[in-house]
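Notes follow once the structure below has been shown.
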Amino acid sequence: MCHVIVTCRSMLWTLLSIVVAFAELIAFMSADWLIGKAKTHSHAKADNQTRGVSEPHHPTLGIYARCIRNPGTQPVQRETVCGPYAENFAEIASGFWQATAIFLAVGIFILCTVALVSVFTMCVQSIMKKSIFNVCGLLQGIAGLFLILGLILYPAGWGCQKAVSYCGHYASAYRPGDCSLGWAFYTAIGGTVLTFICAVFSAQAEIATSSDKVQEEIEEGKNLICLL
């Protein structure tokens, strides 16, 4: 018989697991890893009274995507165009970034799998006499290691030609030159830290769902058990 067990610690672990998976996925897909040096853009207004209006713009560069100013000369509502600069894996700007993409993709896949499984832990707490919480915690720790490897390798690619075109000639491995780090990079770091916190917290979720109070509720014949 399926017993739905909900505790504060198990729900918090589930929510954190989902948030971490989405945060890492969004960061990986974003182009805001490097913020390039400011560039100017000039256009003429439609009334022809003011010309040569110069507007600063900071292009951004991600692992496989980028955001640049619309190359058109006429003013448009959407002046920034974002999209992948690499049509396939081989066109990613640096070998280090290719390795980063692989490690991050593997880590994110594991995190998304754990996030999906975590939803069902309210009803199923063990498989083949092994706690799902402990297995998921182990997988989250492994995912965290993949994420760390990807984040360590990413700055090594700052010397590639693509990065130099955005960050200036002073850009090199682990030196961003004229570029600054974007929110996606910091989000990936924060998500990695939270991944290890989730891995540790999974043990607390397992303890909460197998406590004496839970066993007493089960023995009383309750199918829905909610504990603080």
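In this structure, Ser202 and Gly137 approach most closely via the heavy-atom pair OG-CA, 3.2 Å. Considering all non-hydrogen atoms of both residues, Trp158 and Arg175 come closest at CE3-N, 3.4 Å. Residues Pro176 and Leu34 come closest through the heavy atom pair CB-CD2, 4.4 Å. Residues Ile63 and Ala101 approach most closely at CG2-CB, 4.2 Å, considering heavy atoms. Residues Val114 and Cys136 come closest through the heavy atom pair CG1-CB, 3.8 Å. Residues Tyr166 and Pro59 share a closest heavy-atom pair of CE2-CB, 3.7 Å.
Sequence neighbours left out, the pairs with a member in residues 136-149 that pass side-chain hydrogen bond (donor to acceptor under 3.5 Å, both in side chains) are Trp13-Gln140, Ser17-Gln140.
Within 6.0 Å of the CZ atom in Phe96, the count of heavy atoms belonging to other residues, nucleotides or ligands does not exceed 12. More than 12 heavy atoms of other residues, nucleotides or ligands shown are found within 6.0 angstrom of OH on Tyr174. Within 6.0 Å of CZ in Phe185 there are more than 12 heavy atoms belonging to other residues, nucleotides or ligands.
Grouping the Ile, Leu, Val, Met, Phe, Trp and Tyr side chains by contacts below 4.5 angstrom, directly or via other members, places Phe89 with Leu25. Hydrophobic clustering (side-chain heavy atoms under 4.5 Å, transitive across Ile, Leu, Val, Met, Phe, Trp, Tyr) keeps Trp183 apart from Ile35. Ile110 and Phe120 are not part of a single hydrophobic cluster, where members link through side-chain heavy atoms under 4.5 Å apart. Cluster membership check: Met29 shares its hydrophobic cluster with Leu151, using side-chain heavy-atom separations under 4.5 Å among Ile, Leu, Val, Met, Phe, Trp and Tyr. At a threshold of 4.5 Å between side-chain heavy atoms, the hydrophobic network of Ile, Leu, Val, Met, Phe, Trp and Tyr places Trp33 and Tyr186 in one connected group.
Contact annotation: the side chain of Phe196 approaches that of Leu145 to within less than 4.5 Å [non-hydrogen atoms, C-beta and beyond]. With a 4.5 Å cut-off on side-chain heavy atoms, Thr195 and Leu147 count as touching. Looking at heavy atoms from C-beta onward, Val119 lies in side-chain contact with Ile18 at the 4.5 angstrom threshold.
For Tyr154 (side chain) and Leu149 (main-chain N/O), no donor-acceptor pair under 3.5 Å exists by modelled atom type. Here the side chain of Glu24 pairs no donor or acceptor atom with the backbone of Leu104 at under 3.5 angstrom. With hydrogens and angles disregarded, no donor-acceptor distance shorter than 3.5 Å links the side chain of Ser30 to the backbone of Ala27. Looking at Tyr85, its side chain never comes within 3.5 Å of a backbone N or O of Leu61 through a donor-acceptor pair.
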Go through the steps to decide whether Trp97 and Cys160 satisfy the test side-chain contact (heavy atoms from CB on, under 4.5 Å), and finish with yes or no. CA-CA 10 Å; Trp97 288 3; Cys160 68; 4.2 Å; yes
Take Thr187 and Ile26 through the test side-chain contact (heavy atoms from CB on, under 4.5 Å) and record every step on the way to the result. CA-CA 9 Å; Thr187 299; Ile26 292 173; over 6 Å; no
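The aromatic rings of Phe28 and Tyr64 lie tilted to each other, with the angle between the two planes from 30° to 60°.
One distance of note links SG of Cys179 with NE2 of His58; it measures 10.5 Å at 0.5 Å rounding. Atom-to-atom distance recorded for Phe201:CZ and Ile207:CD1 is 10.0 Å, nearest 0.5 angstrom.
Partner of Cys198 under the side chain to side chain contact (heavy atoms under 4.5 Å, CB included) criterion, out of Val19, Leu111, Thr14, Leu16: Leu16 alone.
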